[in-house]
Amino acid sequence: MITRIEIDGFKTFDRFSLDVPPFLVLLGANGSGKSNLLEAVALLGHLVRKPSSQTLVRHARRGGPQELFRRRPDGGLVDVMRIGASVLLETERFGLCHVGVDARIEYQEAPEPLRVQLSIGGVGGYGLSLPERVAEAVDETAPYVFRKGVGEDPALDGAVSHALDRAVDGWRLLDPLPKAMRQAADAYDTDALTEDGGNLGAVLGRLWGAAPDRKTAFEADVAAVLPDVRKIDVEQDADRAQWDVWIQHKNEPRMSPRVVSGGTLRVLALLAAAHDPAHPGVLMIEEPENGLHPNRVPRLLERLKERATDLAAYRQPDSGGSTRYDDHDALRQIIVTSHSPVVLASLLDKASRDVVFLDTVTRFERGQPPTRLTRARRVDEDGERGTYVTPMEVRQYLDPVGYAHGA
């Protein structure tokens, strides 16, 4: 679980930082930097696993490595790009740990490889929006993140390293595509939900086969969002070694995904990822409202939020007790992007602290062309000018074309 993200020199980000709760909705117009932020998180996860120039070549989602560097007002590229995060981890040896990961990438002209440096260190709970009990736990374990033998340099403890690897493996960008989900899933597939949702049947088959009661919980969430859906079945075709998904609506025979609406399939995929205990981590979802009727969007957001870890109620498993790590739902975080007023209206009254607005501002420097940069602002009544979203801005966002005023 990421508690804080810091980005500098990546696309439109300049000395950007954001505290990240377990459930977060990023709102903003097109081009405000929402997707760029998620891409930075996903890229950092890849760099933690393999800090190399080739990692940027393979995993840059939009544009090549050169396009990742922010442009200066004079049109040149910045010399250094940095993506860092504070990450809350569960370890069997120490319990909760808090580590800081920082990737520093120096620009080089092709064909020279980019210079990549990764640093990892223990982080305390000071200054972060963590429940007091959680902050105390990570403060206690901070000295044990690194170990040192006689005559050896400090090294990341093995238990912490394993937990970090597991965590970043779960930093996933999800954009389920109906075309991919309409195909049968391979029966041998045991992975987490893929970005396009193409292995939905395999995820459901694994999920329900391991714990049948999870099907009941999943179907309850589906029914809350899609009340017309009466039943979902997943059957394994042994001859073709594939999973077949069947969906039954009210007063209709069951149907295959080939004839089910794309919006319905997206909801099934997002909820499947949120229910999957074998693959916790950070689920990053772009525009979950796509293909969904507006009055059902609040229910989807509510159900997704319930699947994110509530740190205030978090209870760490006892590795020697009745609740063990292998049957424990590990830390899960969900980050959603949207530009929909419906999404804002769904969250504003009860969970305004879960909402962050992203937009771009123009910076002027003497004798230089203007530069567009991304900023983050939370909703508040007052504060330093330009650092918060005012109630008037909220009203304008909720009523962009003036319907409420008879326009």
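Heads up: numbering here begins at 1 and tracks the sequence. Any value given below was found using the heavy atoms of this structure, including those in side chains, with hydrogens, waters and symmetry copies removed. Keep in mind that this is a model prediction, so the values were computed, not measured.
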Listed pairs under 3.5 Å, donor-acceptor, residues 221-229 side chains, sequence neighbours left out:
from   : atom 1 : to     : atom 2 : distance (Å)
Asp221 : OD1    : Arg303 : NH1    : 2.8
Asp221 : OD2    : His275 : NE2    : 2.7

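Residues satisfying the salt bridge (charged side-chain N to carboxylate O under 4.0 Å, His left out) criterion with Arg61, sequence neighbours excluded, are Glu195. Looking at residues two or more places apart in sequence or on another chain, you find a side chain to side chain contact (heavy atoms under 4.5 Å, CB included) between Ser52 and Lys50, Gln54, Thr55. Contacts of Asp102 classified as salt bridge (charged side-chain N to carboxylate O under 4.0 Å, His left out), with partners at least two apart in sequence or in another chain: Arg82. By the side-chain hydrogen bond (donor to acceptor under 3.5 Å, both in side chains) test, Ser86 is found to be paired with no residue, residues two or more places apart in sequence or in another chain being considered. Considering only residues two or more places apart in sequence or on other chains, Arg115 meets the salt bridge (charged side-chain N to carboxylate O under 4.0 Å, His left out) condition with Glu106. With sequence neighbours left out, the side chain to side chain contact (heavy atoms under 4.5 Å, CB included) criterion links Thr190 to no other residue. Judged as a side chain to side chain contact (heavy atoms under 4.5 Å, CB included), and not counting sequence neighbours, the contacts of Gln248 are Lys231, Arg254. Among residues two or more places apart in sequence or in another chain, the side chain to side chain contact (heavy atoms under 4.5 Å, CB included) test is passed with Glu140 by none. For the side-chain hydrogen bond (donor to acceptor under 3.5 Å, both in side chains) test, no residue two or more places apart in sequence or in another chain qualifies with Arg71.
Residue Arg258 places its CZ atom among 12 or fewer non-hydrogen atoms of other residues, nucleotides or ligands, all under 6.0 Å distant. In this structure, Arg49 places its CZ atom where more than 12 heavy-atom neighbours from other residues, nucleotides or ligands lie under 6.0 Å away. Atom NE2 of His59 has more than 12 neighbouring heavy atoms from other residues, nucleotides or ligands inside a 6.0 Å radius.
Comment: Arg166 does not engage Asp169 in a salt bridge, judged by the lack of any side-chain N to carboxylate O separation of less than 4.0 angstrom. Salt bridge status for Arg353 with Asp19: absent, with no side-chain N to carboxylate O gap under 4.0 Å. Between Arg266 and Asp175 there is a salt bridge, since at least one side-chain N of the basic residue sits less than 4.0 Å from a carboxylate O of the acidic one. Taking a cutoff of 4.0 Å between a charged side-chain nitrogen and a carboxylate oxygen, Arg72 and Asp74 qualify as a salt bridge. In summary, Lys179 and Asp196 do not engage in a salt bridge, as defined by a charged side-chain N under 4.0 Å from a carboxylate O. We find that Glu6 and Arg4 are joined by a salt bridge, their nearest charged nitrogen and carboxylate oxygen being less than 4.0 Å apart.
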Start with the C-alpha distance between Asp276 and Arg214, add both sets of side-chain angles, then the distance that settles salt bridge (Lys or Arg N to Asp or Glu O under 4.0 Å), and finish with yes or no. CA-CA 9 Å; Asp276 189 353; Arg214 292 191 181 275; over 6 Å; no
Is there a ring-ring contact (aromatic ring centres under 6.0 Å, His included) between Tyr397 and Phe357 once you walk through the steps? CA-CA 11 Å; Tyr397 199 96; Phe357 281 78; 5.3 Å; yes
Kindly determine whether Arg70 and Leu77 satisfy side chain to side chain contact (heavy atoms under 4.5 Å, CB included), including the steps that lead there. CA-CA 6 Å; Arg70 183 174 61 81; Leu77 301 177; over 6 Å; no
Between Val116 and Leu118, does a side chain to side chain contact (heavy atoms under 4.5 Å, CB included) hold up when you go through it step by step? CA-CA 7 Å; Val116 180; Leu118 180 73; 5.6 Å; no
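Side-chain atoms of Ile105 and Leu47, non-hydrogen and from C-beta on, do get closer than 4.5 Å to each other. Looking at Met1 and Thr309, their side chains come closer than 4.5 Å, going by heavy atoms from C-beta outward. Side-chain contact between Phe16 and Leu358 is present, with heavy atoms from C-beta onward closer than 4.5 Å. Side-chain contact between Val355 and Arg378 is absent, with no heavy atoms from C-beta onward closer than 4.5 Å. Counting heavy atoms from C-beta outward, Leu271 and Leu304 have side chains that approach closer than 4.5 Å. Taking the side chain as every heavy atom from C-beta outward, Ile232 and Phe218 approach each other to under 4.5 Å. Side-chain contact between Ile5 and Ile7 is present, with at least one heavy-atom pair separated by less than 4.5 Å. The side-chain heavy atoms of Asp79 and Tyr107, taken from C-beta on, include no pair separated by under 4.5 Å.
Judged by distance alone, the side chain of Arg332 and the main-chain N or O of Ala274 form a donor-acceptor pair under 3.5 Å. Between the side chain of Arg182 and the backbone N or O of Pro257 there is at least one donor-acceptor pair closer than 3.5 Å. Proximity of a side-chain donor or acceptor of Ser346 to a complementary backbone N or O of Val342 within less than 3.5 Å is detected. Although no hydrogens or angles enter the test, the distance criterion places no donor-acceptor pair under 3.5 Å between the side chain of Glu112 and the main chain of Glu109. Without hydrogens or angle criteria, Asn199 side chain to Ala192 main chain gives a donor-acceptor distance under 3.5 Å. Although no hydrogens or angles enter the test, the distance criterion places a donor-acceptor pair under 3.5 Å between the side chain of Arg133 and the main chain of Tyr314.
Here the straight-line distance linking atom CG of Leu373 with atom CG of Asp359 works out to 11.0 Å at 0.5 Å rounding. Interatomic distance, Leu204 CG to Leu268 CG, rounded to the nearest 0.5 Å: 7.5 Å. Taking CG of Leu311 as the start and CD of Glu132 as the end, the distance is 14.0 Å to the nearest 0.5 Å. Separating the CZ atom in Phe69 from the CG atom in Leu56 is a distance of 7.0 Å, to the nearest 0.5 Å. In this structure, the separation between CG on Leu200 and CG on Leu207 is 10.5 Å, given to the nearest 0.5 Å. Residue Leu27 holds its CG atom at 7.5 Å from CG of Leu347, rounded to the nearest 0.5 Å.
Across all non-hydrogen atoms, the minimal contact from Ala40 to Phe10 is CB-CE2, 3.8 Å. Of all the heavy atoms in Pro176 and Met181, the pair that sits closest is CB-CE, 3.6 Å. Closest of all the heavy-atom pairs between Gly31 and Thr360 is O-CG2, 3.5 Å. Contact detail for Thr194 and Leu174: the closest heavy-atom pair is O-CD2, 3.9 Å. Closest of all the heavy-atom pairs between Leu68 and Met81 is O-SD, 3.6 Å. Gly198 and Ala185 make their closest contact through O-CB, 4.1 Å (heavy atoms, listed as atom of the first residue, atom of the second, distance).
Tested against Trp171, the residues Val282, Ile335, Leu43 include a single side chain to side chain contact (heavy atoms under 4.5 Å, CB included) partner, Val282.
Sorted by first and then second residue, the salt bridge (Lys or Arg N to Asp or Glu O under 4.0 Å) pairs involving residues 279-289 (not counting sequence neighbours) form an empty list. For the salt bridge (Lys or Arg N to Asp or Glu O under 4.0 Å) condition, the pairs that include at least one residue of residues 22-45, sequence neighbours left out, are Lys11-Glu39, Glu39-Arg62.
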